[in-house]
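Note that the structure is predicted; figures quoted are calculated from it, not measured.
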Amino acid sequence: MFAAESLVYALDGGTGQERWRFTPVTNASIGKSAVDDRAFYFGTGTTARRIYALNRADGGVLWSTEIGPEWEFRGWVRGTAVSGDTVYATAEQYRAENGYRSSGWLVALDRFTGRIFWRYTLGAGEDARNLTSSPVIVGRLILASDYKGNAVIAVDRFTGQLVWETAGEAGYAGPADSPVVVGDTAYVGSGDTHVYALDVASGKILWRARTEASV
């Protein structure tokens, strides 16, 4: 079992005994982590927006990559996912000291070296946007939730280009967690008191259902 916080741990799943621990450059508790047969992947935040790949066996650093070296203010890696030879990560960048202007980032990195393949960003000017939780891989698409913008986006995972963006009710916070995909449909609960079913290929709203409170 792997856990990322101010310290990163690997525990024996049968006994709970600690196998190894690692201290990242800054706290890793904000984002969701990922693991495959080779490495444990997680991200950090505040002044160092770094993604790490640690060797599963001993916690050694295989690579670490700063995804926002040019960012003036704080930022956080919000989630990671891995597929094939690529690690994908969502992040939030403050473009003002208090975050009232912010951007969301989706980043693709080489699983073996940490080299950045591409970065996609949304939010500019006076916008408040971000990407939260882990990205979801569906075929050649990456789906991600925008909490501040109350939207779900789909990006082509090979080109880094936006395929579609679907927004919920204006004036509300959006989904705090990742979409859940079943077949050709993505389901997401929003802070606007609705659950949405979206067509994965086009982002079209197939239906939405009202709830008694924010999801």
Look at R119 together with E70 and state whether they make a salt bridge at an N to O cut-off of under 4.0 Å. yes
Salt bridge present between R111 and D85 (N-O < 4.0 angstrom): no
Can you tell me how far apart [atom1] ([X]) and [atom2] ([Y]) are? Round to the nearest 0.5 Å.
X	Y	atom1	atom2	result
L122	S102	CG	OG	9.0 Å
T211	H194	OG1	NE2	7.5 Å
T47	W76	OG1	CH2	10.0 Å
T185	K204	OG1	NZ	11.5 Å
L109	I116	CG	CD1	5.5 Å

Of all the heavy-atom pairs spanning [X] and [Y], show the shortest one and how long it is.
X	Y	value
A128	Y100	CB-O, 3.6 Å
S83	I137	CB-CD1, 3.3 Å
R49	F73	NH1-O, 3.2 Å
G174	S190	CA-OG, 3.5 Å
A186	P179	CB-CB, 4.4 Å
P24	S6	CD-O, 3.4 Å

Checking side-chain polar atoms at under 3.5 Å, does W105 have a donor or acceptor matched by the opposite partner on Q93? yes
Is there a path from L131 to W71 through hydrophobic residues (I, L, V, M, F, W, Y) whose side chains come within less than 4.5 Å of each other?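 No, because L131 and W71 fall into different hydrophobic clusters, even though each may have its own neighbours under 4.5 Å.
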Hey, is the main chain of [Y] close enough, under 3.5 Å, to the side chain of [X] for a donor-acceptor pair?
X	Y	answer
T44	A48	yes
D156	Q161	no
T80	A89	no
R157	I142	no

If you define the side chain from C-beta out and look only at heavy atoms, does anything of [X] sit under 4.5 Å from [Y]?
X	Y	answer
R101	Y94	no
Y120	I153	yes
F117	T86	yes
Y41	V77	no

Co-members of the apolar cluster containing [X] [side chain, <4.5 Å]:
X	answer
V163	V136, V138, L141, L143, V152, W164, V181, V188, Y196, L198, V200, I205
M1	L7, Y9, L11
V35	F2, V8, W20, F22, V25, F40, F42, Y52, L54, V61
Y147	none

Taking only residues two or more places apart in sequence or in another chain, which ones pass side chain to side chain donor-acceptor pair (under 3.5 Å) with E5?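 So E5 forms no side chain to side chain donor-acceptor pair (under 3.5 Å) with any residue.
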Would you please name every residue forming a side chain to side chain donor-acceptor pair (under 3.5 Å) with S29, sequence neighbours left out?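 Side chain to side chain donor-acceptor pair (under 3.5 Å) list for S29, sorted by chain: N27.
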Got more than 12 heavy atoms from elsewhere within 6.0 Å of CG, D36? yes
Under the salt bridge (Lys or Arg N to Asp or Glu O under 4.0 Å) rule, collect the residues that match up with [X], sequence neighbours excluded.
X	result
D110	none
E18	R21
R74	none
R129	D146, E165

Among residues two or more places apart or on two chains, list those pairs meeting side chain to side chain donor-acceptor pair (under 3.5 Å) that have a residue in residues 168-180.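 Sorted result for residues 168-180: K32-D177, S133-D177, S133-S178, E169-R208.
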Sort and list the pairs that fulfil side chain to side chain donor-acceptor pair (under 3.5 Å) and have at least one residue in residues 53-65, not counting sequence neighbours.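 Residue pairs passing side chain to side chain donor-acceptor pair (under 3.5 Å), neighbours aside: R50-S64.
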Would E72 and R95 satisfy salt bridge (Lys or Arg N to Asp or Glu O under 4.0 Å), going step by step from the backbone distance to the final call? CA-CA 7 Å; E72 181 180 0; R95 290 183 288 102; over 6 Å; no
